[in-house]
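Below you'll find the structure, written out as structure tokens, and then a few comments.
Only heavy atoms go into these numbers, but all of them, side chains included; no hydrogens, no water, no symmetry mates. Every chain is numbered from 1, with letters handed out A, B, ... down the list of sequences.
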2 protein chains.
Amino acid sequence: MSSPPLGAPKGVSSRHGEILSVAADLFWAQGYDATSMSDLAAALGLSKASLYHHIETKESLLFDMSVVVLRRITAAVEAAADSSPEPLERLRAMVREHVVTALDHQTMNATSLTELRALSDEHRVAVTRMRDSYDRMIDEVIAEAQHAGAIRADISSKLLRLALLNLLNWTIFWFRADGDVSPADLADLLTSIFLQGALVASG
Amino acid sequence: MSSPPLGAPKGVSSRHGEILSVAADLFWAQGYDATSMSDLAAALGLSKASLYHHIETKESLLFDMSVVVLRRITAAVEAAADSSPEPLERLRAMVREHVVTALDHQTMNATSLTELRALSDEHRVAVTRMRDSYDRMIDEVIAEAQHAGAIRADISSKLLRLALLNLLNWTIFWFRADGDVSPADLADLLTSIFLQGALVASG
DNA sequence: GTCTATAAAGAGATAGAC
DNA sequence: GTCTATCTCTTTATAGAC
């Protein structure tokens with residue numbers, strides 16, 4: 001199967017992490033299928049055969065990076081969920097962590113989100129399960145805020161979650177780290193739109 | 001270059017339109033690079049050589065479908081923009097047309113949005129120009145609503161447009177025509193979130 | 001307009017030497 | 001751990017008959 005990207009003894013696979021990072025950049029820039037193992041080997045300064053000494057298959061790279069980013073964003077947002085007892089404050093903290101963490105590993109997240117169909121059946125199921133679990137966590141916090149009377153209840157928590165993730169996730173397509181808006185500022189802006197809306201009357 | 005998908009005499013290239021439609025479904029399901037011309041030919045009930053009698057290159061299919069959907073959504077949203085003199089009503093009508101038109105040709109739109117990097121340099125520039133022009137149209141309507149005092153002015157029209165398109169565009173990743181929400185209902189819901197927000201206090 | 005056959009290039013992955 | 005060389009398969013695209 002695939003080697004453990006996290007949880008392995010320190011240093012044992014720092015090389016693996018570097019390979020995942022470079023692969024993510026290439027996969028995002030050119031597409032997973034359009035990136036050859038020769039491209040990746042060249043970007044790493046290795047021959048193709050040497051590259052295969054460190055990894056199993058091309059597909060395992062895609063799977064491993066999906067697991068890495070999903071574990072990371074789940075851990076970060078779960079921690080944020082524990083930051084306050086107040087539902088609305090929890091939601092704000094989670095949105096901020098989601099945006100900042102997603103943009104901090106932008107190419108891995110973007111690749112994982114858009115290249116899911118390139119995974120093998122088993123790997124795709126595993127990644128989908130992790131995503132579903134993440135979605136449920138968001139659903140629960142939204143539902144909690146609805147029960148507390150803070151968030152409107154005329155829309156189901158599932159649809160509110162879909163709208164919220166719409167608002168957050170498309171950002172990976174256009175965000176540039178060298179632009180004039182920081183991830184934290186962007187998170188605040190998107191939170192404000194989601195909660196207050198764009199109307200003057202409601203600001 | 002590429003044959004004219006719109007504007008040609010009726011019937012002359014109805015075959016071309018069918019090919020684009022089938023290609024969009026395959027490109028979206030499997031990815032542009034992962035879909036072979038053999039796959040496409042088989043889906044059309046043709047041999048590969050016969051398929052090449054009707055088209056130029058694989059890449060031209062991707063370009064042509066991008067032009068088709070961009071022309072279509074631009075025309076639909078422009079018409080909606082002319083539907084009312086009131087800025088907020090115009091915005092509502094435009095959002096509805098954007099969502100309904102995008103979902104009406106979901107696989108073409110989704111493919112065009114996510115496979116831009118697979119286009120040749122010249123084709124990519126051409127598509128990007130069309131998209132930029134579309135974005136400017138949205139910017140203008142938002143700026144107009146800001147000047148009319150209907151939309152908050154503490155966020156630039158450009159950032160508001162990015163947030164709005166975030167909210168609308170990610171929908172193509174999860175929307176299912178056989179689900180329990182129609183495109184029109186979804187458009188209303190997303191418009192409501194964008195304008196009023198999710199807070200109870202502002203509803 | 002459709003076909004069979006094929007050209008020419010590149011893909012993922014491996015063998016085996018060092 | 002790294003390399004050169006290679007295997008095998010598939011790719012886009014075309015030639016040329018019907």
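A salt bridge between R124(B) and D121(B) is present, with a side-chain N of the basic residue lying under 4.0 Å from a carboxylate O of the acidic one. With salt bridges taken as basic N to acidic carboxylate O contacts below 4.0 Å, none links D139(B) and K158(B). A salt bridge does not link R176(A) to D178(A): none of the charged nitrogens lies less than 4.0 Å from a carboxylate oxygen.
Under 4.0 angstrom from either OP1 or OP2 of dC3(D) there lies no side-chain N or O belonging to H53(A). Contact between the side-chain N/O atoms of S36(B) and the OP1/OP2 oxygens of dT10(D) is not found at any separation under 4.0 Å. An OP1 or OP2 oxygen of dT2(D) is reached within less than 4.0 angstrom by no side-chain nitrogen or oxygen of S50(A).
Here dC9(D) presents its P atom at 20 Å from CG of D33(A), a figure rounded to the nearest Å. Summarising the geometry, the separation between CG on L40(A) and C1' on dA11(C) is reported as 14 Å, rounded to the nearest angstrom. Atom C1' of nucleotide dG1(C) and atom CZ of R15(B) are separated by 9 Å, given to the nearest angstrom. In this entry the distance linking CG of L44(A) with P of dC3(D) reads 11 Å, nearest Å. Distance OH (Y32(A)) to P (dA11(C)): 14 Å, rounded to an integer number of Å.
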Under the side chain to side chain contact (heavy atoms under 4.5 Å, CB included) criterion, do Q146(B) and L160(B) qualify, and how do the steps go?
-> CA-CA 10 Å; Q146(B) 286 179 314; L160(B) 281 172; 3.4 Å; yes

Would you give me the side-chain donor-acceptor pairs under 3.5 Å for residues 98-105 of chain B, sequence neighbours excluded?
residue, atom, partner, partner atom, Å
H98(B), ND1, Y134(B), OH, 2.6
H98(B), NE2, N169(B), OD1, 3.0
T101(B), OG1, E97(B), O, 2.7

Sub-3.5 Å pairs of nitrogen or oxygen atoms, protein against nucleotides 13-15 of chain C:
residue, atom, partner, partner atom, Å
dA13(C), OP2, Y52(A), OH, 2.5
dA13(C), OP2, K58(A), N, 3.0
dA13(C), O5', Y52(A), OH, 3.4
dA13(C), N6, K48(A), NZ, 2.8

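Taking the ring axis of Y32(B) as reference, the NZ or CZ atom of K58(B) stays within 45° of it and closer than 6.0 Å to the ring centre.
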